[in-house]
Amino acid sequence: MRDLDVQARVHTRLSWDYSTSTGRLRTLTDRARAGQWDAERDIDWSVPVPFGAALPDGSGLARASFEASPMAGRGRAMWDAFRWELQAWLVSQFLHGEQAALAVAARLVESLPTVEAKLCAATQVTDEARHVEVFARYLRENVPEPYPVNADLRSLLEDVLRDSRWDVTALGMQIMVEALAMAAFRLAGSTFHDPLIRRITALVARDEARHVSLGVVSLEEVYRELSGRELAEREELVLEAAALMRRRFLLGDLWERLGVDRSAGLAYAATDPAMVMYRQTVFARVVSSLVHIGLMSPHVRQGLADLDLLRYGTVPRRLSRRPPGRSG
C-alpha cells in the first residue's frame, strides 16, 4: 500500500491573548481531560474474536437485502463472509481515517486563531493517537487480511491535507470524515459481530463527539463572516466530499475480495434499501453539523438529496439557510 505523501503550506498563528472563558471550547477541553481512557486498562484484549465464524440470521431487512444481492446464489456461508469482511473493511478505513485525523489535529494546533482553541485541539491529538493504536492492534491481532485505504477516502484525505486554509482542513476532516465515522461507531452495536470491537468503538465514539463539536464551534463564527463567493466554494467542497464518501460506501473493495462481479455489486449497493438507509443514517450527523455551521444551503441540500444521502426530517427548515455573510 503506497504511502500518502502530501506537500502543503501550513499557516502557523500564535496569539498573545491567554485569557480564558467559560464558553464551549473550555467545556470541550474539560470534558476531554475528564474523559481520557487507556488502551490497555480500559479494553480487555483477551476477548476472543471468532473472525469468519457463523453468525446469527440478523434482521428481516438484512436477510431480504442478502436475498436480493448478487451474493445470494452462493448460499448462507457467503452472507456470513460478507458481514465479516464488511466489518474488517470498516475498521480498516477507521484506522486510515484516524491517522489522517491525527495529522489534522496537530495542524489545527498550529493554525487555530486562539490559544483556547489550540488547547482544545491538543486534546484531540492525544485522542487520535490512542484511536490509531487501538484500531491498529485490533486489526493486527484479529483480522487475517485488513484492507488498504479506500481510493475515495484517500482522495478526500489528500484534498484535506493539501489545503493551506485551516477552516477547509477542519471542514473536510471534522465535519465530513469525523462526523461520518462517529455515526458509524454509534451503529457498531448492531453492525459489528464481536464484543471487543463494540467496546473499542463505544470508547472512540465518545471522543469523536468532542472532535465534531470542536469543528462546529470553530467554524460557525468564521463562516458567518465569509463572503457569498467564499461560502459557495466551501459548499462545493462539501458536495465533492459527500460524493466521494457515498462512492466509498458502495463497497467496491469488498466485491473484488469476495469474487463478486464489481459492476453488479456496485449497482446493488447503490439501490438496496438497507444500504441506502445505512448511508442516510450515518450522513445524518454530517447534515446536522452542516446546519449548525451554516453550510446547509438549498444548493447543498439539493446536492445531498441527489446523492440519496438525505433522510426525511433530518434537516430542520429553520436552520437550513446560509448565514448572513458578505456579498461578493
Side-chain angles (χ1 to χ4, degrees), residues 37 42-45 47-69 71-72 76-98 131 134-135 138-139 142-143 146-147 150 153 177-209 211-212 245-246 248-251 253-255 257-258 265 268-289 308-314:
W37 49 276
D42 296 311
I43 297 173
D44 181 1
W45 291 98
V47 172
V49 178
F51 190 90
L55 293 168
D57 285 346
S59 69
L61 178 63
R63 291 194 301 274
S65 175
F66 173 68
E67 290 166 2
S69 77
M71 301 175 285
R76 171 55 191 272
M78 182 62 169
W79 177 224
D80 290 341
F82 168 77
R83 288 189 286 172
W84 279 113
E85 285 298 329
L86 178 58
Q87 177 170 309
W89 179 81
L90 282 167
V91 178
S92 297
Q93 304 316 309
F94 291 159
L95 172 60
H96 304 316
E98 294 296 329
H131 300 171
V134 295
F135 284 132
Y138 176 86
L139 290 167
N142 298 292
V143 176
Y147 284 79
N150 171 266
L153 176 60
V177 175
E178 297 231 73
L180 199 64
M182 185 188 75
F185 297 150
R186 289 182 169 173
L187 289 174
S190 59
T191 56
F192 286 169
H193 311 302
D194 65 88
L196 177 56
I197 193 60
R198 290 197 292 265
R199 171 63 174 165
I200 291 170
T201 51
L203 289 168
V204 172
R206 290 189 339 212
D207 297 339
E208 295 296 353
H211 304 166
V212 175
M245 292 301 92
R246 177 190 178 275
R248 176 174 70 128
F249 278 106
L250 298 185
L251 307 179
D253 305 329
L254 267 74
W255 308 132
R257 180 171 293 188
L258 292 168
Y268 158 70
T271 58
D272 175 70
M275 292 199 176
V276 172
M277 183 184 300
Y278 180 85
R279 290 193 295 272
Q280 291 176 345
T281 300
V282 294
F283 264 88
R285 189 63 182 89
V286 176
V287 168
S288 174
S289 299
D308 208 7
L309 295 175
L310 283 187
R311 193 174 58 194
Y312 178 77
T314 56

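Values reported hereafter were calculated over all heavy atoms of this structure, with side chains retained and with hydrogens, waters and symmetry mates removed.
Between F283 and D308 the shortest side-chain heavy-atom distance does not fall below 4.5 Å. Between L153 and M245 the shortest side-chain heavy-atom distance falls below 4.5 Å. The shortest distance between side-chain heavy atoms of W89 and R257 does not fall below 4.5 Å. With contacts defined as side-chain heavy-atom distances shorter than 4.5 Å, the pair V143/V91 does not qualify.
Looking at T281, its side chain does come within 3.5 Å of a backbone N or O of M277 through a donor-acceptor pair. At least one donor-acceptor pair closer than 3.5 Å links the side chain of R279 to the backbone N or O of A270. Without hydrogens or angle criteria, Q87 side chain to H193 main chain gives a donor-acceptor distance under 3.5 Å.
Evaluation of the side chain to side chain contact (heavy atoms under 4.5 Å, CB included) rule for A68 yields no partner, not counting sequence neighbours. R83 pairs by the salt bridge (charged side-chain N to carboxylate O under 4.0 Å, His left out) definition with D80, not counting sequence neighbours. S92 is linked by a side-chain hydrogen bond (donor to acceptor under 3.5 Å, both in side chains) to nothing, counting only residues two or more places apart in sequence or in another chain. The side-chain hydrogen bond (donor to acceptor under 3.5 Å, both in side chains) check on T201 picks up nothing, with sequence neighbours excluded. The ring pair (Phe, Tyr, Trp, His ring centres under 6.0 Å) search around F66 returns W79, not counting sequence neighbours. Residues forming a side chain to side chain contact (heavy atoms under 4.5 Å, CB included) with T271 (at least two apart in sequence, or on another chain): none. Not counting sequence neighbours, the partners of F185 by the ring pair (Phe, Tyr, Trp, His ring centres under 6.0 Å) test are F94, F135. Judged as a side-chain hydrogen bond (donor to acceptor under 3.5 Å, both in side chains), and not counting sequence neighbours, D42 has no contacts. With sequence neighbours excluded, the residues forming a side chain to side chain contact (heavy atoms under 4.5 Å, CB included) with R186 are M182, A205, A209, listed by chain and number. Not a single side-chain hydrogen bond (donor to acceptor under 3.5 Å, both in side chains) links N142 to another residue, sequence neighbours left out.
The OH atom of Y278 lies 8.5 Å from the OG atom of S190; values are rounded to the nearest 0.5 Å. Taking CD1 of I200 as the reference point, atom CG of D194 lies at 8.0 Å (rounded to 0.5 Å). The structure places CD1 of I197 at 5.0 Å from OH of Y138, a figure rounded to the nearest 0.5 Å. For the atom pair CD (Q280) and CZ (R246), the distance works out to 10.5 Å, reported to the nearest 0.5 Å. We find the CG-CZ distance between L86 and F249 to be 9.0 Å, quoted to the nearest 0.5 Å. Rounded to the nearest 0.5 Å, atoms CG (N150) and CG (L251) are 9.0 Å apart.
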Show which side-chain atoms of residues 50-57 pair as donor or acceptor with protein atoms under 3.5 Å away, not counting sequence neighbours.
unit_1, atom_1, unit_2, atom_2, d
D57, OD1, R76, NH1, 2.5

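Pairs passing the salt bridge (charged side-chain N to carboxylate O under 4.0 Å, His left out) check and including a residue from residues 197-208, sequence neighbours excluded, read R130-D207, D207-R210.
Nearest heavy atom pair, residue A88 against residue L139, reads O-CD2, 4.2 Å. Closest heavy-atom contact between V286 and A179: CG2-CB, 3.9 Å. Closest heavy-atom contact between V134 and W45: O-CH2, 3.5 Å.
Under 3.5 Å, the side chains of Q93 and D253 contain no donor-acceptor pair of N or O atoms.
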Step by step, work out the side chain to side chain contact (heavy atoms under 4.5 Å, CB included) result for M71 and W255. CA-CA 9 Å; M71 301 175 285; W255 308 132; 3.9 Å; yes
